[in-house]
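The figures that follow rest on heavy atoms only: side chains count, while hydrogens, waters and symmetry mates do not. Chain letters run A, B, ... following the sequence lines, proteins first and then strands; every chain starts at 1.
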2 protein chains.
Amino acid sequence: MENEIINFITGYISLTAEEVNIIKEQNLIKSYKKGTVLLSEGEFATECYFVLKGCIRSYYLIDGEEKTTEFYTENQSIRPVSYITNQPSEYYLACLEDCVVAIGSTERNKRLIEKLPRLESMIMQMNGDLLVQNQVSFDNFKHLSPEMRYLKLLETRADLFDRVPLYHLATYLGITAVSLSRMRKRISKSSTD
Amino acid sequence: MENEIINFITGYISLTAEEVNIIKEQNLIKSYKKGTVLLSEGEFATECYFVLKGCIRSYYLIDGEEKTTEFYTENQSIRPVSYITNQPSEYYLACLEDCVVAIGSTERNKRLIEKLPRLESMIMQMNGDLLVQNQVSFDNFKHLSPEMRYLKLLETRADLFDRVPLYHLATYLGITAVSLSRMRKRISKSSTD
DNA sequence: TACCGTTATTATCTTAAGTTAATTTATTCG
DNA sequence: CGAATAAATTAACTTAAGATAATAACGGTA
């Protein structure tokens, strides 16, 4: 189970066998039931996550409506904005399915970095990557029609359509559930004739 | 003129008088004529910028159409994605006005950081800030109507409306120039009656 | 299996954005 | 200054998204 984490890390920096062991013994793996809320608005995030199994959704509230900002599935890492900034969180994190998750807490990570200073460079790279991903997603979003965004998501993350309710995908796409439903009908119609 | 840069830095970390001097003597200030392109698609960014005077626009091309992603004005720093990732740039950077800019090149920054290691922590903070700003902008964009986005921009960056052509603001807002024009008329009408 | 809560679809109406093209208003510069 | 270019507006038409409400399909479970 820890192998996924090692694979993930070695995508950024190379590790010796001893270093692999240090990380493996450090890691803390937990299971959560579907519906568990890992982080709430107003709280300070003290943990970051690596999803081993399941799906975690981040979202925030506008007038009581949940707006989904991201879905995290197998082998994705979650570094809450609040974790990076040490500010109270604007976002929620909740399990859409039963989940198995590797957890890094602020203090344990600090200790780990003392043992393995090269992790610092990984973190900087991760921040850079996050930034770029976000920039590109934003630009795409801005200049693609809702329909294009839907088709693109269908290409890039087809699995989500099997495991996530459409109305969450709708807010993720920045449209209403009604509109998404209509759109799907429109598309299926036009592709058959 | 260098004082703006010092102010900017001390917003992140505190500096001793000697450190201030080191930075001041390091800095390289340049002027560019309106229209100058500082970075083109495909190039590797080797510089980051701090705007002392003027306005710089970043944009990219879709089917030959320019899509503006950001406007940088006085006292804003520009850290091109390509500079952070060492990948060829997807974006252009060009001066919308005559500009005065402080420039940090990769090598000079490296040398500077050797003298002032605490700058590292500033850079990490800047990356974190960038990430958060981007995240928040994205979320806002997704869940605000074009009209709301326009009104919000009018509040937060009113100066842009005096110095930037509307059709650039339009693509920045993710709409067409025609639509922006129509919208402005609609709003001015509804606010007078 | 029958029920209940959740999720998805459908219908109707309203509103605004995209597209294209023509026209007006500003700006620039020889 | 005036011609050329750039920027902004307007008009006409098409298309799709938002809102609201009603209905249908699905899923778990008692």
Under 6.0 Å between the ring centres of [X] and [Y]?
{"X": "A/Y91", "Y": "A/Y59", "answer": "no"}
{"X": "A/Y150", "Y": "A/F161", "answer": "yes"}
{"X": "B/F141", "Y": "A/F138", "answer": "yes"}

* From A/M124 CE over to B/I123 CD1, what is the distance, rounded to the nearest 0.5 angstrom? ->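 The CE atom of A/M124 sits 6.5 Å away from the CD1 atom of B/I123.
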* **Distance, nearest 0.5 Å, that separates NZ of B/K142 from CZ of A/R149** =>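 Atom-to-atom, B/K142:NZ and A/R149:CZ are 8.5 Å apart.
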Would you be so kind as to tabulate the donor-acceptor pairs closer than 3.5 Å made by side chains of residues 111-120 of chain A, with sequence neighbours excluded?
residue: A/R118; atom: NH1; partner: A/E19; partner atom: OE1; Å: 3.1
residue: A/R118; atom: NH1; partner: A/E19; partner atom: OE2; Å: 2.6
residue: A/R118; atom: NH2; partner: A/S14; partner atom: O; Å: 2.2

* May I ask you to check whether B/T73 and B/R163 show a side-chain donor-acceptor distance below 3.5 Å? =>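 No donor-acceptor contact under 3.5 Å links the two side chains.
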* Judged by modelled atom types alone, do A/E47 and A/Y49 share a side-chain donor-acceptor pair under 3.5 Å? ->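 Yes.
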* Asked: Taking atom P of D/dA16 as reference, at what distance in whole Å does atom CZ of A/R186 sit?
  ->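 Those two atoms, CZ and P, are 5 Å apart.
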* **Student check: side-chain heavy atoms of B/C95 and B/K34 closer than 4.5 Å** =>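 No, every pair of side-chain atoms sits at 4.5 Å or beyond.
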* Asked: Is there side-chain contact between A/T68 and A/L169, with at least one heavy-atom pair below 4.5 Å?
  ->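 No, every pair of side-chain atoms sits at 4.5 Å or beyond.
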* Would A/L96 and A/H168 count as a side-chain contact (heavy atoms from CB on, under 4.5 Å) if you check the C-alpha gap in whole Å, the side-chain angles of each, and the deciding distance to 0.1 Å? -> CA-CA 10 Å; A/L96 277 185; A/H168 284 149; 4.0 Å; yes
* With respect to B/Y92, which candidate in B/L38, B/L39, B/T69, B/L61 satisfies the side chain to side chain contact (heavy atoms under 4.5 Å, CB included) definition? ->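 The residue from B/L38, B/L39, B/T69, B/L61 that satisfies side chain to side chain contact (heavy atoms under 4.5 Å, CB included) with B/Y92 turns out to be B/L61.
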* Looking at DNA chain C, which of residues 139-172 of chain B put a heavy atom within less than 4.0 Å of it? ->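 Going residue by residue through residues 139-172 of chain B, the ones with a heavy atom under 4.0 Å of DNA chain C turn out to be B/P146.
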* Return the residues of residues 56-65 of chain B meeting this criterion: a heavy atom under 4.0 Å from some atom of DNA chain C. Order them by number, or give none. =>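 Nothing qualifies; none.
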* If a protein heavy atom is under 4.0 Å from the base, mark B; if only from the sugar-phosphate, S; if neither, -; do that for nucleotides 18-30 of chain D going 5' to 3'. => BBB----------
* Derivation and outcome, salt bridge (charged side-chain N to carboxylate O under 4.0 Å, His left out), residues A/E70 and A/R157 -> CA-CA 12 Å; A/E70 198 53 80; A/R157 301 200 62 183; 3.4 Å; yes
* Axis deviation across the helix from C/dT1-D/dA30 to C/dG30-D/dC1, five-pair ends, to the nearest 10° ->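 If I round to tens, the end axes sit 30° apart.
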* Asked: At under 4.0 Å, does any side-chain N or O of A/R184 touch on OP1 or OP2 of C/dA8?
  ->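 The answer is no; no side-chain N or O of A/R184 sits under 4.0 Å from OP1 or OP2.
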* Identify the two heavy atoms, one from B/Q26 and one from B/R108, that lie closest to each other, and give their separation to 0.1 Å. =>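 Minimum heavy-atom contact is O-NH1, 2.7 Å.
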Which protein N or O atoms sit under 3.5 Å from an N or O of nucleotides 22-30 of chain C?
none

* Taking the six-membered ring for Trp, are A/F71 and A/Y172 parallel (under 30°), tilted (30 to 60°) or perpendicular (over 60°)? ->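 Perpendicular: the ring planes of A/F71 and A/Y172 meet at over 60°.
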